[in-house]
Amino acid sequence: MATSKKAKTKVKSKSKTASKKVAKLKAKKSASKKVVANGVPKPSTKPYGQAGKALEGVRILDFSHVQAGPTCTQLLAYMGADVIKVERPGVGDITRGQLRDVKGADSLYFTMLNGNKRSITIDSKHPKGKEVLERLIKRCDVLVENFAPGTLDRMGLTWEYIHKTNPRMIVASVKGFGPGPYEDCKVYENVAQCAGGAASTTGFRDGPPLVTGAQIGDSGTGLHLAFGIVSALYQRIRTGRGQRVLCAMQDGVLNLARVKLRDQQRLAHGPLTEYSQYGEGIPFGPAVPRAGNDSGGGQPGWILKCKGWENDPDAYIYFITQAPVWGAICDLIGKPDWKTDPDYATPPARLPRLRHIFNTIEQWTMTKTKFEVMDICNAVDIPVGPILSMKEIAEEPSLRKTGTVVEVDHPTRGKYLTVGNPVKMSDSITEVKRAPLLGEHTEEILAKELGYSAAEIAEIKSSGAITAAEKGARAEAA
Ligand code: CAO
C-alpha cells in the first residue's frame with residue numbers, strides 16, 4: 001500500500017512525539033524509582049544478600065605488605081571491593097616465604113591475610129611498570145600502602161602526582177608513628193605495642209612489660225585504616241575528591257589501650273581501687289601499673305584454675321564477680337553467709353579481700369572443667385569465659401558455622417583454615433576465597449581492566465616490568 005510523503009511525515013512526527021512522551025514518562029518513572037529523600041535510593045526489592053556486596057564497585061590498588069595493610073585490604077575485599085594487590089615480580093609480599101610450613105607453597109602468614117584479592121606483579125621502578133601503574137591509578141578508587149616512610153615517594157608515587165592523575169583517589173597509609181620525632185622510623189607489631197602504651201600496662205606487677213599475642217599494632221591499625229577508607233569513600237560522594245588517610249600504629253594501639261590512659265588520669269585523684277594491688281596494700285607509683293589479670297572494668301575478675309590444670313596449660317576460666325550476681329556466686333561456692341557478712345556483702349567491702357575471694361572461688365572451679373564452670377555459671381547469669389586454646393578454636397563447630405573460621409582450598413598448599421569476616425552483615429554476605437598466587441591475575445588485569453592488547457602485553461612482558469623471569473632472560477640476551 002502506497003502512502004503519500006505528507007502522510008508519512010505526519011506518521012513519523014506523530015510517532016516521534018509519542019516516543020518522546022514515553023521517554024519522558026520513563027525518565028520520570030525511573031527517577032522516582034531511584035531516588036527518595038537524602039539522595040538515598042528506594043529500598044531494593046531483591047532478597048537480602050542478593051543486592052550486591054557493601055563495597056561492590058570499589059577498586060583498591062593494594063601496595064600493602066606484611067600484616068597491617070593486608071589486614072585492612074582483606075577486610076575491604078570481604079566487603080566486596082575489588083582488591084588488586086601489586087607485588088614485586090619474582091618476589092612478592094615478603095610474607096609469602098616467611099614461616100613456611102609447606103615446602104614451596106605460600107605461607108599461612110600470607111594466605112590468611114590476602115584472601116579475596118587479585119595479584120598483579122609490577123616493578124614499580126621500571127618505566128613500563130610506571131606506565132601500567134598510571135593506568136591503574138586512573139582506574140582505582142583507593143591506594144593502600146604500608147611501606148616504610150618515604151618509600152612510596154621514592155617510587156615517584158607522591159600524593160601530588162596521584163592526586164593530579166586521579167583527583168578522586170584516596171591514598172591510605174599505615175606508618176609506625178605520626179608526624180613527630182619518630183616519623184621516619186620503621187615499625188613492627190611489638191614496637192607499636194610498646195610505643196602505644198599497651199606493653200607497659202600488660203603483665204604482672206613483679207615482672208617485665210609484656211606484649212600480647214593479639215596483633216593490636218598490625219591488625220588493629222589495619223582495622224582503623226579500613227574505617228578511615230570507608231569514611232573517605234563516603235565523604236567523596238559529597239566532595240567528589242579523594243584525600244589522604246593516615247593511621248599511625250602508635251595511635252592505633254593507644255586507641256585500643258585508652259582505658260589505661262583513663263586510669264593514668266584517675267591516679268591523680270587516688271589509688272585505683274579495682275586493681276588488686278590496692279587490696280594488697282601496695283602503693284601506686286606515678287604511672288599506671290601492670291594489672292596482671294585484673295578485670296579492665298569496674299567488675300573485679302581473675303583467671304582461675306579448673307579441673308586438669310596440672311597437665312593442661314589452658315584449663316583455666318576467667319571469672320567475674322559481677323555485683324548483681326554476688327548472691328548466686330556465694331551460693332555456688334558454698335559461702336551463703338558472705339551474702340550478708342559486712343566484710344563481703346558490698347563491692348567496696350570486697351575490694352581489699354579480692355585475692356582471698358578469688359582463692360576461695362578457685363577451690364570450687366578446680367573441681368570442675370572450664371566448660372562445666374561455663375555451663376553452671378551461665379545458667380545463673382555469672383559472667384565467665386573459658387581460656388580457649390587455638391586448637392579448641394580451630395575445632396569449634398559454632399565458629400565454622402558462622403563463617404568466622406573458614407576452610408579454603410589452595411592449589412599449592414591444599415586446605416587451610418583462615419579467619420573469615422568478623423563483621424556479619426545481613427545484606428552483604430562474605431564468601432571467603434583463597435589468596436592469589438604471585439602474579440596470578442597479571443594478564444587478566446592488564447587485558448580486562450586496563451585494556452592492553454595482546455601485542456602490548458607481550459611488549460610489557462619482554463620489557464621486564466612484570467616478570468622477573470623475563471627480566472633474567474632479557475639480561476641473558478643482552
Ligand atoms: N616494585 C619495585 N620495588 C618495590 C615494590 C615493587 N612492586 N614493592 C616494594 N618495593 C621496594 C620498595 O620500593 C623499597 O625499596 P627502597 O627502600 O629501595 O625504596 C623496598 O621494596 C622495601 O620496602 P619497605 O621499605 O616498606 O620494606 P622494609 O622491608 O624495608 O620494611 C617495614 C618493612 C614493615 C618495617 C616497613 O615497611 C614499615 O615500617 N612500614 C610502615 C609500618 C608498618 O606497616 N609496619 C607493620 C609491618 S607488619 O604489618
Side-chain angles (χ1 to χ4, degrees), residues 61-75 84-99 107 109-110 112-114 117-134 136-137 143-158 171-180 182-196 211 213-226 228 244-253 436 438-439 441-442 445-446 460 463-468 470-471:
L61 180 54
D62 182 11
F63 267 104
S64 72
H65 65 157
V66 200
Q67 187 183 161
T71 299
C72 164
T73 51
Q74 181 168 264
L75 276 173
I84 299 173
K85 184 171 173 106
V86 178
E87 298 182 82
R88 207 170 352 167
V91 183
D93 188 323
I94 195 167
T95 59
R96 282 186 185 268
Q98 280 179 344
L99 312 176
S107 71
Y109 196 0
F110 176 83
M112 289 180 73
L113 286 163
N114 290 284
K117 303 180 189 177
R118 296 197 279 171
S119 166
I120 181 171
T121 47
I122 306 175
D123 180 345
S124 61
K125 291 171 183 159
H126 190 289
K128 262 273 178 255
K130 282 181 195 286
E131 262 178 56
V132 176
L133 276 175
E134 186 165 301
L136 273 167
I137 289 170
L143 185 154
V144 183
E145 63 95 18
N146 65 316
F147 287 127
T151 302
L152 201 65
D153 287 359
R154 283 200 295 280
M155 287 178 177
L157 301 176
T158 59
V171 178
S173 306
V174 167
K175 294 288 165 262
F177 294 92
Y182 304 123
E183 65 189 10
D184 291 330
C185 298
K186 286 184 178 178
V187 168
Y188 281 106
E189 171 67 47
N190 289 344
V191 176
Q193 287 200 25
C194 294
V211 293
Q215 305 285 283
I216 57 175
D218 281 343
S219 287
T221 309
L223 258 167
H224 284 92
L225 193 71
R244 277 179 283 182
V245 180
L246 170 68
C247 282
M249 293 167 75
Q250 181 184 39
D251 302 5
V253 170
L438 179 61
H441 305 97
T442 302
I445 293 165
L446 290 176
I460 297 170
S463 78
I466 55 170
T467 45
E470 297 268 343
K471 210 175 180 179

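None of these values were measured; they are calculated from a predicted model. One-based numbering, in listed order, for ligands and for the atoms of each.
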Original post:
Take atom CG in L246; do more than 12 heavy atoms of anything else shown fall under 6.0 Å from it?
Top reply: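 Above 12, so yes.
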Give every pair formed by an N or O atom of ligand 1 and a protein N or O atom closer than 3.5 Å, one pair per line with both atom names and the distance to 0.1 Å, or write none.
from, atom 1, to, atom 2, distance (Å)
ligand 1, 1 (N), S124, N, 3.0
ligand 1, 1 (N), S124, OG, 3.1
ligand 1, 7 (N), I122, O, 2.9
ligand 1, 13 (O), K125, NZ, 3.1
ligand 1, 15 (O), K125, NZ, 3.2
ligand 1, 17 (O), R154, NH2, 3.0
ligand 1, 18 (O), K125, NZ, 3.4
ligand 1, 19 (O), R154, NE, 2.9
ligand 1, 19 (O), R154, NH2, 3.3
ligand 1, 21 (O), R88, NH2, 3.1
ligand 1, 25 (O), T151, OG1, 3.4
ligand 1, 26 (O), A148, N, 2.9
ligand 1, 30 (O), K186, NZ, 2.5
ligand 1, 37 (O), H65, NE2, 3.1
ligand 1, 37 (O), N146, O, 3.3
ligand 1, 37 (O), A148, N, 3.0
ligand 1, 39 (O), V187, N, 3.2
ligand 1, 40 (N), N146, O, 2.9
ligand 1, 40 (N), F147, O, 3.4
ligand 1, 44 (O), N146, ND2, 3.0
ligand 1, 45 (N), V187, O, 2.7
ligand 1, 49 (O), Q67, N, 2.8
ligand 1, 49 (O), A68, N, 2.6
ligand 1, 49 (O), D218, OD1, 3.3

Original post:
Heavy-atom distance under 4.5 Å between the side chains of Q193 and I216, does that happen here?
Top reply: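 In contact.
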Original post:
Side chains of T71 and L225: does their closest heavy-atom pair fall under 4.5 Å?
Top reply: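 The answer is no, as the side chains (C-beta and beyond) never meet within the 4.5 Å cut-off.
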Subject >> salt bridge (Lys or Arg N to Asp or Glu O under 4.0 Å) involving D93 - partner list, sequence neighbours excluded >> reply: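 Testing D93 for salt bridge (Lys or Arg N to Asp or Glu O under 4.0 Å), a comparison that skips the adjacent residues, returns K85.
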Original post:
Are E145 and K175 close enough for a salt bridge, meaning some N to O gap below 4.0 Å?
Top reply: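 Salt bridge flag = yes for K175 with E145.
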Original post:
So which of D218, N146, T221, T95 actually passes side-chain hydrogen bond (donor to acceptor under 3.5 Å, both in side chains) with Q67?
Top reply: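 So the option named by the test is D218.
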